[in-house]
Amino acid sequence: MRQDHLITATQLSRADIEAVLDRAAEIDDDPAAWSERYGRAVLALCFFEPSTRTKMSFDTAIKRLGGTTTDMGTVESSSVKKGESLADTVRVVEGYADAIVLRHPSEGAAKMAAEFVDVPVINAGDGAGQHPSQTLLDLYTIRENVGLDGLSIGIMGDLKYGRTVHSLADALTNFDARQHFISPESLRLPRNVRFDLHQAGAQVREHTALESVLPELDVLYVTRIQRERFPDETEYQKVAGQYQIDLETLSAASDDLTVMHPLPRVDEIAPDVDGTPYAAYFEQSHNGVPVRMALLDYLLSNVEVGQ
Ligand code: NCD
């Protein structure tokens with residue numbers, strides 16, 4: 001089945017995921033073979049929130065496919081500042097581009113935007129909702145390092161507001177994976193995500209401490225506390241600085257543990273982990289380019305580019 005838009009990880013079947021990851025591996029092996037594939041394509045970058053990795057790797061991805069980007073720039077420098085609605089912005093932008101990458105602080109923004117345009121919309125993060133293209137590169141990294149079936153993964157940190165967590169958890173239900181969620185009580189997975197996981201028959205456990213579960217993990221996926229999403233700064237201060245790992249913490253882990261993080265990190269992973277074989281987070285961010293090239297190919301091969 002082909003997808004028009006990528007809004008949430010729940011829309012991805014195992015076959016969709018494998019198709020994108022296989023294509024990403026092919027691209028990774030011989031990127032030059034793809035350099036003129038989408039020579040006429042223009043990708044619109046509409047980021048209503050800060051971004052480094054997602055925006056730059058989509059930018060690099062379309063350029064490595066021979067295409068180019070048109071960038072809305074910051075909210076401050078765009079017509080959003082004049083009061084333009086998201087619906088109007090995307091209706092305008094679809095006239096300039098073959099696909100739209102959208103990041104927005106409101107949950108549901110990408111879904112709403114997709115209702116107004118015919119070009120593919122890729123949700124690059126909608127508030128505390130979803131971030132499915134990050135999930136594809138996360139899955140690619142997991143597949144490369146440990147494999148997806150039979151996986152035991154710990155997902156730690158801000159499980160309430162962390163959109164990368166929600167998408168990853170949903171996508172992992174397509175595989176035989178045991179998911180351990182580790183967070184303070186106040187940042188546990190939202191009820192709707194727990195419900196989706198339950199419905200999908202996922203193997204899920206929730207913990208407040210890493211210690212008990214660490215030895216059995218193949219992957220530890222660490223996340224940043226999403227300070228900007230807390231309605232109250234004092235609530236953030238109560239949980240800030242918890243759930244940090246360093247080399248000493250990892251002494252109880254398997255030697256083969258893979259540590260991941262969508263980045264940016266604040267203080268969740270001490271720099272002493274960086275140079276060790278555990279650390280896969282920079283490799284993970286680099287995988288954003290081939291995986292997003294594969295995703296763009298997946299979505300654009302369906303549409304008439306340059307029309
Ligand atoms: C994440 C995001 O924006 O949700 N960043 C990213 O895209 N790699 C994670 C985060 O901001 O903590």
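Read the numbers this way: they start at 1 and go in the same order the structure lists the ligands and their atoms. Both backbone and side-chain heavy atoms feed into the values below; hydrogens, waters and symmetry mates do not. Every value quoted in this text rests on a predicted model; they were computed, and no experiment measured them.
Contacts between Leu263 and ligand 1 below 4.0 angstrom, taking non-hydrogen atoms only, involve the backbone exclusively. Neither the backbone nor the side chain of Glu49 has a heavy atom within less than 4.0 Å of ligand 1.
Electrostatic pairing of Arg224 and Glu228 counts as a salt bridge here, judged by a charged N lying under 4.0 Å from a carboxylate O. Using a 4.0 Å cut-off between charged side-chain N and carboxylate O, Arg292 and Asp59 make no salt bridge.
Connection of Leu21 to Ile153 is established within a shared hydrophobic cluster, with ILVMFWY side chains joined at heavy-atom distances below 4.5 Å, either directly or through further cluster members.
To the nearest 0.5 Å, the span separating CG on Leu148 from CG on Asn145 amounts to 10.5 Å.
Of the listed residues (Arg163, Lys55, Glu268), the one carrying the non-hydrogen atom nearest atom 3 (O) of ligand 1 is Arg163.
Inclusion of Pro264 in the set of residues having an N or O under 3.5 Å from an N or O of ligand 1 is not warranted. Between Glu228 and ligand 1, a contact under 3.5 Å exists for no N or O pair. Any N or O atom pair closer than 3.5 Å counts here, and Thr54 shares at least one such pair with ligand 1.
Look at Gln226 and you'll find a heavy atom under 4.0 Å from some atom of ligand 1.
Residues Asp28 and Tyr140 bring a donor and an acceptor atom of their side chains to less than 3.5 Å of each other.
Evaluated for a side-chain contact (heavy atoms from CB on, under 4.5 Å) with Leu136, the options Leu6, Asp16, Asn287 yield exactly one hit, Leu6.
The protein heavy-atom contact nearest to atom 11 (O) of ligand 1 is Arg224 NH2, 2.9 Å.
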